[in-house]
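Below, read A as the first sequence line, B as the second, and so on, with proteins coming before strands; counting in each chain starts at 1. Hydrogens, waters and symmetry mates play no part in the numbers below; they use all other heavy atoms, side chains included.
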Amino acid sequence: MNGRLACAGMLVALALAVAANAAKMEPVAGDAALDLRIKKLESELRCLVCQNQTLADSNAELADDLRREVRDLAQEGKSDEEIKAYLVARYGDFVLYNPPVKATTWLLWGGPFALLLGGGVLWWGISRRGARVTSPPSSTTDAEAIARARLEIEHD
Amino acid sequence: MVKRPMQAARWSIPLAIFVILIAFLYVGLGRDPREVPSPLIGKPAPEFKLAQLHDQANTLSSADMKGKVWLLNVWASWCVSCKVEHPLLMQLAASNVVPVYGLDYKDAPDAGRAWLAQNGNPYTSSIVDRDGRVGIDYGVYGVPETFLIDKQGVVRYKQIGPVTAEALRDKILPMVRELQK
């Protein structure tokens with residue numbers, strides 16, 4: 001219980017830290033729709049220095065540079081896909097938080113479903129086998145017991 | 001007697017799953033998550049044209065390098081681990097096996113020059129990437145990084161982090177010799 005409380009405390013602290021960092025980054029003045037689009041893009045891109053943060057969340061200097069790059073490209077009129085392709089060409093698929101489905105990532109995308117399916121089949125097999133074991137063919141003694149019980153009920 | 005294969009499956013299937021899991025964990029946990037494979041390997045090195053650190057009136061461009069095998073070492077005066085690989089780069093430069101060019105990444109040119117004056121200059125030439133744009137083109141995300149580029153201007157290898165004696169001996173130098181043929 002204590003461990004759980006400590007864990008929750010740490011999560012809250014983390015959330016606060018992230019919020020504080022996010023607040024530190026002043027949005028660049030300009031067209032609101034563009035800002036929103038850039039913000040969304042940045043939240044789908046990974047900072048390569050602190051790998052579990054998005055570009056939007058990261059304070060790393062490289063993240064600053066990449067945000068500047070994303071903004072410049074967006075202002076040049078590049079589409080989201082073009083901006084992502086620009087970064088993937090330089091940093092690889094790792095820069096995307098949503099890895100694309102392709103030959104090398106099918107296990108990543110399909111794995112959980114394959115496991116679920118496999119688990120389901122296994123569970124189905126086991127429960128069928130279990131059912132067979134727990135209901136043995138009724139023996140003569142059972143039949144006799146039932147007949148006796150029936151008689152008793154009828155007599156009452 | 002009929003039950004035998006069933007009983008074998010009972011322990012062999014979990015064992016197989018366990019072995020697969022161990023194999024995945026062994027490979028997965030043995031990797032350095034900071035080493036992101038570069039998509040540039042086998043592709044033409046991004047073009048650049050930048051001022052030289054020691055001769056800022058003159059530029060150096062990727063096109064100038066055509067026809068030779070060369071190393072591009074990304075460094076900076078503020079980079080701590082650059083000091084780790086520096087003696088190796090000095091040795092490499094002294095051996096004259098392959099020219100090493102420096103990309104002084106997001107650094108003040110004065111600081112860069114002072115750092116080289118103090119620690120020694122292994123570079124045939126260094127170029128100044130003040131705002132880190134060329135660094136981004138090369139997918140630089142941690143300094144130092146070193147690229148091996150062939151005669152056609154194709155990136156052949158990328159060392160992420162300091163060049164080590166092992167990487168130099170086992171990977172970089174054999175590749176250099178191969179590419180110089």
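- Among B:Pro37, B:Gly139, B:Gly142, the residue with the largest count of heavy-atom pairs under 4.5 Å with chain A is B:Gly139.
- For chain B, the nearby part of A:Ala89 is the backbone; its heavy atoms alone come within less than 4.5 Å.
- Looking at A:Asn52, neither its backbone nor its side chain comes within 4.5 Å of chain B, counting heavy atoms on both sides.
- For a residue to count as touching a neighbouring chain, one of its non-hydrogen atoms must lie under 4.5 Å from one of that chain's; by this rule B:Lys106 touches chain A with the side chain only.
- Two residues are said to be in side-chain contact when any heavy atoms from C-beta on lie closer than 4.5 Å; B:Val140 and B:Tyr105 meet this criterion.
- With a 4.5 Å cut-off on non-hydrogen atoms, A:Tyr91 touches chain B through its backbone and its side chain both.
- Criterion: ILVMFWY side-chain heavy atoms under 4.5 Å apart, direct or through other members. Under it, B:Val143 and A:Val95 are part of a common hydrophobic cluster.
- Side-chain atoms of A:Gln75 and A:Leu34, non-hydrogen and from C-beta on, do get closer than 4.5 Å to each other.
- Of the possible donor and acceptor atoms, none in the side chain of B:Asp104 sits under 3.5 Å from a partner among the backbone N and O of B:Val128.
- If you measure heavy-atom distances from A:Ile126 to chain B, you find no contacts under 4.5 Å at all.
- In this structure, B:Trp75 has its ring center under 6.0 Å from that of B:Tyr123.
- When heavy atoms are compared at a cutoff of 4.5 Å, A:Leu48 approaches chain B by way of both its backbone and its side chain.
- Although no hydrogens or angles enter the test, the distance criterion places no donor-acceptor pair under 3.5 Å between the side chain of B:Arg133 and the main chain of B:Asp129.
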